[in-house]
Number of protein chains: 2
Amino acid sequence: MAETRSTARTGGSRQRASHSLEAVVGEAVALLDEDGEAALTFRALAARLGGGVGSIYWYVSGKDELVARASDHVLAGVLADTEGATGSPDPVDDLRAVAVAFFEAVSSRPWLGAYFLRDVDLQPNAVLLYERLGQQVLRLHLPPRETFHAVSAVMGYVIGTAADLGRRPEAAGGDAAEPERGLDDLVAHWRGLDPEQFPFIRHVVEEFAVHEDAEQFRAGLDLLLAGLRLQADRQR
Amino acid sequence: MAETRSTARTGGSRQRASHSLEAVVGEAVALLDEDGEAALTFRALAARLGGGVGSIYWYVSGKDELVARASDHVLAGVLADTEGATGSPDPVDDLRAVAVAFFEAVSSRPWLGAYFLRDVDLQPNAVLLYERLGQQVLRLHLPPRETFHAVSAVMGYVIGTAADLGRRPEAAGGDAAEPERGLDDLVAHWRGLDPEQFPFIRHVVEEFAVHEDAEQFRAGLDLLLAGLRLQADRQR
DNA sequence: ACCTGAACACCGTTCAAGT
DNA sequence: ACCTGAACACCGTTCAAGT
């Protein structure tokens with residue numbers, strides 16, 4: 001990480017902080033990543049930047065724009081990571097690879113889901129990512145409507161699942177002091193349900209108890225992609 | 001709607017409001033439905049109930065619990081609506097019906113997605129809905145792991161897509177005064193993109209321009225369910 | 001047992017004043 | 001052109017006091 005703030009000395013008297021849009025957005029993402037959504041406060045951000053609250057408004061019109069730009073900042077990384085992953089012979093494989101990278105970015109940042117593609121002007125990378133997902137589907141040569149629906153479905157599934165899983169309490173191992181009423185409690189509660197009334201839950205509790213989020217995501221994604229492949233094959 | 005508040009006169013002097021958990025949660029949902037997420041304020045809610053802010057804390061431990069209970073309150077309606085829709089010969093059709101009803105409830109209430117199944121103790125209806133979705137998949141006789149994955153995938157897709165679409169600006173017709181920079185602007189912007197750099201977006205803009213959320217949702221759901229059906233058929 | 005409302009510790013946002 | 005920080009209008013939450 002490079003220096004994000006520069007304090008200029010004028011004589012020996014006072015100093016003024018000097019920011020930039022990149023510094024503001026970068027520190028916002030850092031705050032979000034380190035301490036979660038609630039920690040992103042104009043006061044906390046100003047303290048981190050070493051300046052006053054008001055300065056932030058010079059670069060950003062308000063909190064909505066700040067978070068929208070923070071989202072886009074993260075997506076730049078997803079774009080970089082999937083740069084080379086789109087030339088395989090099977091378009092569906094490429095689509096899967098981009099979706100997985102996208103999922104990883106969002107599941108560790110549940111706030112991102114709610115802001116993705118909300119304001120195109122502030123989120124050029126979101127548009128590029130949407131386009132990249134779409135270009136893989138384009139190679140299946142479906143009609144425009146089916147192409148649109150397929151890409152929308154993948155996006156909806158990725159964002160929805162990621163935000164959902166990202167918000168759930170971490171699996172075992174948890175933080176020291178407070179066990180957080182986590183997954184274990186839920187499993188215990190579900191094991192005790194009446195098998196007559198809750199046959200499904202009783203059928204899957206043990207799977208739920210040992211499941212891993214990333215695997216669960218991939219399994220669902222594969223169902224969706226299988227459906228898509230089927231549709232593409234029918235098309236021919 | 002029945003009377004939700006009762007003011008008891010003691011002599012001719014003063015009056016005290018009298019609430020109940022159902023009244024508190026019911027008015028919270030009404031506030032949410034009428035004016036959106038930002039309108040749910042303890043002060044606004046207290047005013048609606050005709051009492052003081054502090055009283056609400058007698059029924060609910062804080063805002064998180066309030067919204068969790070509000071979510072569950074809405075899900076009671078979804079359960080009622082899908083009561084009879086689960087006896088058809090095709091389990092996948094039943095799964096689809098429940099998913100569609102769920103989608104409709106969430107897409108008009110984007111706040112619901114973030115709270116669904118967050119606290120099982122406060123959300124018995126969420127558990128019942130999860131169970132109901134699961135029971136349909138159970139009839140496909142997949143192994144526990146695949147069953148779990150399939151239900152998780154449907155839930156993730158429903159919640160994600162619904163919350164996402166629910167948050168997007170309404171299609172044309174919009175509110176009087178402010179056009180809201182809506183869908184039309186987005187379409188105009190996308191029509192102007194370079195076809196070399198954005199072949200996918202250019203390929204689907206016109207579909208996007210005329211699309212309906214519910215149809216888009218159903219198309220993606222059908223892809224997912226086609227994948228699931230394929231998996232179930234392979235199983236035999 | 002339940003309701004009240006002032007008080008507290010926070011927010012995001014504004015703006016006159018500075019450099 | 002950019003930064004400052006007190007001030008404003010709001011929040012959720014607490015709690016001593018009431019009935």
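A note on names: the letters A, B, ... follow the listed sequences, proteins ahead of strands, and every chain is numbered from 1.
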Q) Which ones in residues 60-70 of chain B lie close to DNA chain D, meaning a heavy atom under 4.0 Å from one of its atoms? A) B:Gly62, B:Lys63
Q) How many Å lie between CG on A:Leu45 and C1' on D:dT4, as a whole number? A) 15 Å
(Q) Using Watson-Crick or G-U wobble geometry with both distances under 3.5 Å, which nucleotide pairs with C:dT19? (A) D:dA1
Q: Could you tell me whether B:Glu22 and B:Arg69 have a side-chain N and a carboxylate O separated by less than 4.0 Å?
A: no
Q. Could a donor-acceptor pair under 3.5 angstrom be found where the side chain of B:Arg43 meets the base of D:dC10?
A. no
Q: May I ask you to say whether A:Arg109 pairs ionically with A:Glu37, meaning some side-chain N is under 4.0 Å from a carboxylate O?
A: no
Q: Among the candidates C:dC2, D:dG12, C:dG5, find the nucleotide nearest to the side-chain atoms of B:Thr41.
A: D:dG12
Q. So does B:Tyr59 get a side-chain nitrogen or oxygen closer than 4.0 Å to the phosphate oxygens (OP1/OP2) of C:dC2?
A. no
(Q) Rounding to an integer number of Å, can you tell me how far A:Arg16 CZ sits from D:dA1 P? (A) 13 Å
Q. Atom CZ of A:Phe42 and atom P of C:dC11: how far apart are they, to the nearest Å?
A. 12 Å
(Q) For C:dC11, give the paired nucleotide (Watson-Crick: N1-N3 plus N6-O4 or O6-N4; G-U: N1-O2 and O6-N3; both under 3.5 Å), or none. (A) none
(Q) Looking at C:dC2, I'd like to know if its phosphate oxygens (OP1 or OP2) sit under 4.0 Å from a side-chain N or O belonging to B:Trp58. (A) yes
Q) Under 6.0 Å from the six-membered ring centre of A:Tyr115 and within 45° of its axis: does the NZ or CZ of A:Arg118 meet both? A) yes
Q. Are A:Arg218 and A:Glu212 close enough for a salt bridge, meaning some N to O gap below 4.0 Å?
A. no
Q: Select base, sugar-phosphate, or nothing to describe what B:Ile56 touches, counting heavy atoms under 4.0 Å on all strands.
A: nothing
Q) How far apart are the closest heavy atoms of A:Glu131 and B:Ile201, and which atoms are they? A) OE1-N, 3.0 Å
Q: Establish, with yes or no, whether the OP1 or OP2 oxygen of C:dC2 is under 4.0 angstrom from a side-chain nitrogen or oxygen of B:Ser55.
A: no
**Q.** Validation row, ring centre B:Phe102 to ring centre B:Tyr157 under 6.0 Å
**A.** no
Q) Do A:Tyr130 and A:Phe116 have ring centroids that are under 6.0 Å from one another? A) no
(Q) In whole Å, I'd like the distance from the OH atom of B:Tyr57 to the P atom of D:dA17. (A) 21 Å
